[in-house]
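Here is how names work: the chains are called A, B, and so on, in the same order as the sequence lines, proteins then strands, and each is numbered from 1.
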2 protein chains.
Amino acid sequence: MLLKQGISADMSGPQTACDQDFGKPDNGPGPDMLEAKLWDNPCPFTFRINYLALLYNTPLYNWIHDTYGLKRPEYVVLYSLALADGGSARDISRTSGFPKNTLSRAIKRLELMGLIEARSKTPGGGRKQALHLSDKGRALFNETLPAFAAQEQRMLTALSQGERQMLFELMSKVVIAANDWAGGLPPEAGPTN
Amino acid sequence: MLLKQGISADMSGPQTACDQDFGKPDNGPGPDMLEAKLWDNPCPFTFRINYLALLYNTPLYNWIHDTYGLKRPEYVVLYSLALADGGSARDISRTSGFPKNTLSRAIKRLELMGLIEARSKTPGGGRKQALHLSDKGRALFNETLPAFAAQEQRMLTALSQGERQMLFELMSKVVIAANDWAGGLPPEAGPTN
DNA sequence: AAAAGCAAGTTCCAAATGGAACTGTATGCA
DNA sequence: TGCATACAGTTCCATTTGGAACTTGCTTTT
């Protein structure tokens, strides 16, 4: 996730924590494990990335679940189609990381709930099927998006406009170069001969 | 995850994708859903963060699982204790996002595998218990850490040293300010009166 | 110093997850 | 045109997950 440059990070938890209160209340004494993971971690970048993902996702998805009864994969499908209408389950899987069977179930349920257009029933699956949000689905998206956007804004309040711009560009660079670094593992893979 | 500043992102998948091949092979045509999530997303920062977490975590945890038979929560416990020896299950939960029952199981198994020191058996749980890696556990950590660190380095190859420094500082700022922005939801919470 | 409160850890069990096998469609090749 | 391959989507089922209730032990109150 990060780079090793003096600090360090542990990484990766579940991408949402359903337990946690995350009320900022005190957190006063105690978490000096957090200090260690922030400032004494061989993987400082990745820890930060995973930790930010956790802090951001958890309350939002809990809220979505409690308010709309949608599980994470379901909302992700909704969100994905809102941004890329006509996308397929495979596209969503590639860009979200959920396995295709999980998405198959999510799509089935969304269809049942009338949040996405009914597909011309293809029993066995067949070939790539373009998915579309229903009006109801789009309405739900429009209703919930502000919360996601607002939380992102709140997350960034510590940064100036210039800093946000910079952060955006740096993260973009890394993502764009993903073809060159992602998927190289297992580590033992050695040189590409 | 991000901020909204012109671009956008959908967010949050499972934090590792066990399916996915992620071989960078082609990905040539097709994923223009990825394009949409990157460049036309109301939450461009959070998408990038979640996507990077996905790309980074997936191959590493798959490798850990295949090579050492450790599941994600188990390895996270190991990693956490390596950085903060004597930490408790609660500390790990707070910093990783895994619920405490999942960690309880993970710890039990690690203990059984001899990777962490046996705790003076406290049936019901009792009060905070400090956990410690065994020599074997530390050896496993030392053996696996390089892969995590190396992958983080590979991830950052697109950035110059100065850019890495900048990225590090920006992410640190956001994390440090977490008390001010995290956990504010549900969104409806309104002003704090 | 008993009682109440609280927090860490464990157990239980219903639900969700995801690997593997399968179904069915499209595409490439002979 | 027929066959083989590739691949999107589905189904199956064993494993994992995580909310809720419970146990235990520290800490505060009176």
Legend entry - Rounded interatomic separation in angstrom, taking CG from B:Asp66 and P from C:dG19: 10 Å

Inset, instruction - Indicate whether OP1 or OP2 belonging to D:dT11 is found under 4.0 Å from a side-chain N or O atom of A:Lys108. - result: yes

Inset, instruction - Among the candidates D:dG9, C:dG18, C:dG9, find the nucleotide nearest to the side-chain atoms of B:Ala89. - result: C:dG9

Legend entry - A:Tyr68-A:Glu74 side chain donor-acceptor pair, cut-off 3.5 Å: no

Inset, instruction - Can you see which heavy atom on A:Lys37 is nearest to which on B:Thr95, and at what distance? - result: NZ-OG1, 3.0 Å

Inset, instruction - Write down the distance between OH (B:Tyr61) and P (D:dT16), rounded to a whole number of angstrom. - result: 17 Å

Inset, instruction - Answer with yes or no after comparing the ring centroid distance for B:Tyr61 and B:Phe148 against a 6.0 Å cut-off, counting only values under it. - result: yes

Legend entry - Whether B:Phe141 and B:Tyr79 hold their rings parallel, tilted or perpendicular, with breakpoints at 30° and 60°: perpendicular

Inset, instruction - Give the nucleotide from the list C:dT11, D:dC13, D:dT10 with an atom nearest to the side chain of B:Ser104. - result: C:dT11

Inset, instruction - Would you please confirm or rule out a distance under 4.0 Å between OP1 or OP2 of D:dT10 and any side-chain N or O of A:Arg119? - result: yes

Inset, instruction - Measure from the side chain of B:Thr102, starting at C-beta and using heavy atoms only, and say which of D:dG18, C:dG9, C:dT11 lies closest. - result: D:dG18

Inset, instruction - Would you please confirm or rule out a distance under 4.0 Å between OP1 or OP2 of C:dT25 and any side-chain N or O of A:Lys128? - result: no

Legend entry - Shortest non-hydrogen contact from A:Gln151 toward A:Leu55: NE2-O, 4.4 Å

Inset, instruction - Determine to 10° how strongly the helix from C:dA1-D:dT30 to C:dA30-D:dT1 is bent, judged from the axes of its five-pair ends. - result: 30°

Inset, instruction - Take A:Ile107 and B:His65, find for each the nucleotide of DNA chain D with the closest heavy atom, and name the residue whose nucleotide sits nearer the 5' end. - result: A:Ile107

Legend entry - Nearest-Å distance for atom pair CD/C1', residues B:Glu74 and D:dT17: 13 Å

Legend entry - Closest non-hydrogen atom pair between B:Leu170 and A:Leu167, with its separation: CD1-N, 3.6 Å

Inset, instruction - Using whole Å, report how far CG of A:Leu110 lies from C1' of D:dG9. - result: 16 Å

Legend entry - Side chain of B:Arg105 (C-beta onward), nearest among C:dT11, D:dG18, D:dT10: D:dG18

Legend entry - Base D:dG9 paired with A:Asn101 side chain (donor-acceptor, <3.5 Å): no

Inset, instruction - Check the distance between C:dA16's P and B:Lys71's NZ and give it to me in whole angstrom. - result: 20 Å

Legend entry - Atom-pair distance (CD on A:Gln129; P on D:dC7), nearest Å: 17 Å

Inset, instruction - In whole angstrom, give the distance that lies between atom CG of B:Leu103 and atom P of C:dG9. - result: 9 Å

Legend entry - Over 12 non-hydrogen atoms of neighbours within 6.0 angstrom of CG in B:Asp66: yes

Inset, instruction - Measure from the side-chain heavy atoms of B:Lys100 and tell me the nearest of C:dG18, D:dG9, C:dG9. - result: C:dG9

Inset, instruction - Establish, from distance only, whether the side-chain atoms of A:Asn101 and A:Ser104 form a donor-acceptor pair under 3.5 Å. - result: no

Legend entry - Value in whole Å for how far the P atom of D:dG9 lies from CG of A:Leu131: 7 Å

